[in-house]
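Below: the structure, in structure tokens.
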There are 4 protein chains.
Amino acid sequence: MQTIANGPGNWAYVIGPYREPVATVQPGETFAVETADAFENRIDSPDADITKLIVMPFVNPLAGPIYVDGAEKGDTLAVTIHSIDVTRDYGVSALIPEFGGLCGTVFTRTLNPPLPPRVMLHPISDGEVTFSEQLDIPTIPYEPFYGTIGTAPELEAVSSLSPGFHGGNMDAADVAPGNTVHLPVNVPGAMLHVGDGHAAQGDAEVCGVATEIPTRGVFTVDLIKGRPIATPRVESDDFIMTIGSARPMEDAARIAFYELVMWLEADYGIERLMAYQLCSQVARVRLANMVDILYSVVAKFPRRYLPRVAA
Amino acid sequence: MQTIANGPGNWAYVIGPYREPVATVQPGETFAVETADAFENRIDSPDADITKLIVMPFVNPLAGPIYVDGAEKGDTLAVTIHSIDVTRDYGVSALIPEFGGLCGTVFTRTLNPPLPPRVMLHPISDGEVTFSEQLDIPTIPYEPFYGTIGTAPELEAVSSLSPGFHGGNMDAADVAPGNTVHLPVNVPGAMLHVGDGHAAQGDAEVCGVATEIPTRGVFTVDLIKGRPIATPRVESDDFIMTIGSARPMEDAARIAFYELVMWLEADYGIERLMAYQLCSQVARVRLANMVDILYSVVAKFPRRYLPRVAA
Amino acid sequence: MQTIANGPGNWAYVIGPYREPVATVQPGETFAVETADAFENRIDSPDADITKLIVMPFVNPLAGPIYVDGAEKGDTLAVTIHSIDVTRDYGVSALIPEFGGLCGTVFTRTLNPPLPPRVMLHPISDGEVTFSEQLDIPTIPYEPFYGTIGTAPELEAVSSLSPGFHGGNMDAADVAPGNTVHLPVNVPGAMLHVGDGHAAQGDAEVCGVATEIPTRGVFTVDLIKGRPIATPRVESDDFIMTIGSARPMEDAARIAFYELVMWLEADYGIERLMAYQLCSQVARVRLANMVDILYSVVAKFPRRYLPRVAA
Amino acid sequence: MQTIANGPGNWAYVIGPYREPVATVQPGETFAVETADAFENRIDSPDADITKLIVMPFVNPLAGPIYVDGAEKGDTLAVTIHSIDVTRDYGVSALIPEFGGLCGTVFTRTLNPPLPPRVMLHPISDGEVTFSEQLDIPTIPYEPFYGTIGTAPELEAVSSLSPGFHGGNMDAADVAPGNTVHLPVNVPGAMLHVGDGHAAQGDAEVCGVATEIPTRGVFTVDLIKGRPIATPRVESDDFIMTIGSARPMEDAARIAFYELVMWLEADYGIERLMAYQLCSQVARVRLANMVDILYSVVAKFPRRYLPRVAA
């Protein structure tokens, strides 16, 4: 099994078509990828000065681009995640001034004094994350996923901090082992990027940072030829899911639900307005992030309510 | 046990301080309330013309106001819901032109042609809801809750279609049997209103309508004297929850999470920025509605991560 | 000429159908109204403690309701403003913590420390407003208008701080002498409310407060029978205007432009999509407020581009 | 005087650091640039099928990148526009399905049927634009500006359809002859792009399209060394201006006003909260666009209220 590693100093900070691929994989191939944490693995102490460590736009380093042989514009790339192993014995979270869900930011610009910076290290062992050794709360289960996964747009190079129609920094906990993520192919080779491993994350990632970890992940990629999708999709044992990323947040939800309704019509034979009315009774939603350059919302349709025989 | 019934023609269509109470209850008292469905129980056929049936602002009829003896401005009203029984053998859902999450509305005004109206009846029996007898999908469990519950603002009378700091039309499935809803008291007697029973609802209530039912609900009310809250809270066995209602949707999420963080600090001794950082790892979110006059978001903190001994 | 005065202690703090009228006027009648400033004329020193003076929800006191004889649901009330005289020799502006366009608020909830309170008095004389005697800047012309003007909704009582389809706290400088404001009639007598005089205001009213003044205004009201409008309109010598109030701000703009397009079609014979395309070339926009409970946007069509002969 | 021309087939469709410059200019140099209209000059008839002509992402072609000798990260590029001549005898506007301010879009996703496409040609002569030869309305003055002007971000390549901190597709009519536009320099040479000439445009550009023209513009560029700016600024005889681009629209307004306040403090000695309070009395706002990938708002401070002697 091929192991893909960008190596220090060679990370991607945008998802776009302009960098040379670091590796090539074949449809059907299973391979491993090594990723750094969102801070380039540079934090090893709660005393780290996060305001000095972050030098924009060089944050959220990604592995890739990975060239998928045979991928062409108009295809869909199906990425199955088999496992995500943490490659360090702790995760990192932080408060970053002017970044987060409950503070003024570069977009929601305010004159208020900023919140202070803060760094926490979270020990990880035996499948458990310790939030704090000071605060007497139970450990959090290790439930890893990739905050960022995406394919290159045709012309744009998008910050690794932003999600969008190409995937990217969605911070959706459904991008997890056992699930398959569908991404649009806009350029030859698809140019897959992945990173931003999380050992744990709350819905919304409200302070802006999850339990950030370096990882070794194992993936299989496949191509669905000539069937484009408009926005990322995820399949799990229990749900079919679509992800919308936009601001304001209602537009993220609109994109996700629109695509879910269209999927139910196209692949499961439920006429679109019927699907719309059905979603209103049984759909589930994950608010993936309320902190990134765009907000991400996952619309989830439970497989158990799919028609037993497609119409 | 007292049964409170507004009776036909006497429903409340705003939540405010201007109507005479229909009943008085004592703190600690358990009582029943009868509610009509959101369409005043006037739909008994899929051929009903929803565009004629809806005569604004006379939709979403509420039971109440219920006067809670001893309630004063600055108190919090704790409403425990014991049971919600459907009082008809079907629920109703509908598509209403210019209302819903995936269409132009009176706020998100567009020049596009509107979607067509549509009415569906959903048989309910043995704890199961049948979405459609035409579409071959499994039945949906009967999981009832009240879409609308609230107390009077001090001066405003708020449409029964709107949620807000007073509660109201939040469409949050956590307002369910077994849970306790905390609401602000702004006027003598609190003036509790309740209605909009749902037999089933997806997160976001995306088409604008759930499985709407008339109900008989059993409640106990209690007063928490002199401890005001800023926005509704819900307690369940598994979560403590706060509900924010606003537009755009990110402001609803900000309100909910801000109040959750402040609650964790005030009652559980977790300093607010630590609570903020902790929520970013373990919180859950329900997108309650993306269709009402304000959107509602429920921020949920799992009880299992509360400190074992409060600081 | 009748002078209408609510008098101290008798102001309206909501616009709704539940208060007795303070006066009755006839269609075609010219009358005067006395208004207090947004702080009930209680600030007479820059040392005033604004955080103590403001006791929610008792801010932005309005004169009215004024009963317009013969007004019925479905009519439009046309209010012509002839003059607005300031009845004090200074205006007041202020910074109010957790209120304003560039700070965390009760809706855009943040954990940042709040901005400090601050009060300024602005001398007014000879048609000039002095912003500050410390800061060496030219005087500002006295260009008065009413920040708040509205008619009662059918069932709701809306905070005097909120704009909406009923008018209210739009903070639109086009509600000025020489112009005619059209408001919907939802209840018998229309129940007109007016207040929140401003001697000067920037577009957006960015800090949340204009140069607030008590006034004596002279008005004529007329009724347009049986021609309802969906949102306030204003006519001046140079523009026909519609005002949308909503959050997010783009929805306020959508409402305003939708109604402007519909008006151009209905009254000036420009087919709606042609009117839409024409507005895209010649319309003007005023951002009236970015601080109130809803934001207000004025879409303005220059009369000079109206068809010379209606189609 | 150097004339810079990309030539057919060589337009830029993103603003980024990845393309070779088409020309180099010196600080202080005056030069001409030729631009195509937003549709690559391909529309010459109202019968053109706009839905076929638009092949995403190849719309809004830009001239450039232009390398400014000596420009380095941390500088500001000052671009003075001397003149904009239209190089064709007509402009083009259009309705584009799923694009515009009053319809469902790829972001504000709706299930409603789309609006129809439509193309109009607008004759231009003698400084006048004829909107329609069918509709009897006066001609519109030729008031040209560039809808799109920007410099390369450090790593991102941004669609020519999007505005942002780098400038881009702001559609702000203040980017006009006589004015100077300040743009951030993020990469060596600044990499200036310009295009999207408009002969006329309403505030908000509500249908999504202005009177689109090919142009020949004359510019002078200068460098302000070592003085970075956060978002574009414009100086005219009457105003100093800042432009914010974001969604929702209130965030665009927040960015613009925040930067205006900071500018008043840094360069004119008005303490920031005083400047905030002063803007609330005298600022003007242009809603530049409500249709692009981000909305753009121009906050304008009238020079006449600048302190006569800086503090």
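Letters A, B, ... are given to chains in the order of the sequence lines, protein chains preceding strands, and every chain is numbered from 1. Since the model is a prediction, treat every value here as computed from it, not as a measurement. Any value given below was found using the heavy atoms of this structure, including those in side chains, with hydrogens, waters and symmetry copies removed.
Interface remark: A/Val261 contributes side-chain atoms only to the contact with chain B (heavy atom separation under 4.5 Å). Heavy-atom distances place the side chain of A/Glu271, and not its backbone, under 4.5 Å from chain B. Of the two parts of B/Tyr295, only the side chain, counted from C-beta on, holds a non-hydrogen atom closer than 4.5 Å to a non-hydrogen atom of chain A.
Note: B/Ala94 leads B/Ser132, B/Ala94, B/Ala252, B/Gly208 in heavy-atom pairs under 4.5 Å with chain A. The most heavy-atom pairs under 4.5 Å with chain B, out of A/Gln201, A/Gln277, A/Met290, come from A/Gln277. The residue among B/Ser93, B/Ala200, B/Ala204 with the most heavy atom pairs within less than 4.5 Å of chain A is B/Ser93. Chosen from A/Gly91, A/Pro248, A/Pro138, the residue pairing most often with chain B at heavy-atom distances under 4.5 Å is A/Pro138. The candidate with the highest count of non-hydrogen atom pairs below 4.5 Å against chain B, out of A/Arg247, A/Arg254, A/Glu143, is A/Arg254. Between chain A and the options B/Leu95, B/Val297, B/Asp251, the largest number of non-hydrogen pairs under 4.5 Å is found for B/Leu95.
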Chi angles and distances behind the side chain to side chain contact (heavy atoms under 4.5 Å, CB included) call for B/Leu278, A/Ile137: CA-CA 10 Å; B/Leu278 176 57; A/Ile137 60 167; 3.7 Å; yes
Chi angles and distances behind the side chain to side chain contact (heavy atoms under 4.5 Å, CB included) call for A/Leu287, B/Leu287: CA-CA 7 Å; A/Leu287 173 53; B/Leu287 173 52; over 6 Å; no
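Of all heavy-atom pairs spanning A/Arg304 and B/Thr139, the tightest one is NH1-O, 3.8 Å. B/Ile140 and A/Gln281 get closest at one heavy-atom pair: CD1-CB, 4.2 Å.
Evaluation of the side chain to side chain contact (heavy atoms under 4.5 Å, CB included) rule for A/Ala299 yields A/Thr242, A/Ala256, A/Phe257, A/Leu260 as partners, not counting sequence neighbours. Contacts of B/Ala199 classified as side chain to side chain contact (heavy atoms under 4.5 Å, CB included), with partners at least two apart in sequence or in another chain: B/Ile124, B/Val129, B/Tyr142, B/Thr211, B/Ile213.
Residues of residues 108-121 of chain B lying under 4.5 angstrom from chain A, judged on non-hydrogen atoms, are B/Thr108, B/Leu115, B/Pro116, B/Arg118, B/Met120 in numerical order. Taking non-hydrogen atoms and a 4.5 Å limit, the residue list of residues 232-239 of chain A in contact with chain B is empty.
Residues B/Arg286 and A/Val285 fail the side-chain proximity criterion, which asks for heavy atoms closer than 4.5 Å.
Remark: the backbone N or O of A/Arg284 is not paired with any side-chain donor or acceptor of B/Asp203 at under 3.5 angstrom. With B/Tyr276 contributing its side chain and A/Gly101 its backbone, the two residues share a donor-acceptor pair below 3.5 Å. A side-chain donor-acceptor contact under 3.5 Å links A/Glu250 to the backbone of B/Met249.
Side-chain contact annotation: A/Glu205 with B/Ser280, donor-acceptor N/O pair under 3.5 Å absent.
Expressed to the nearest 0.5 Å, how far CE of B/Met274 lies from SG of A/Cys207 amounts to 11.5 Å.
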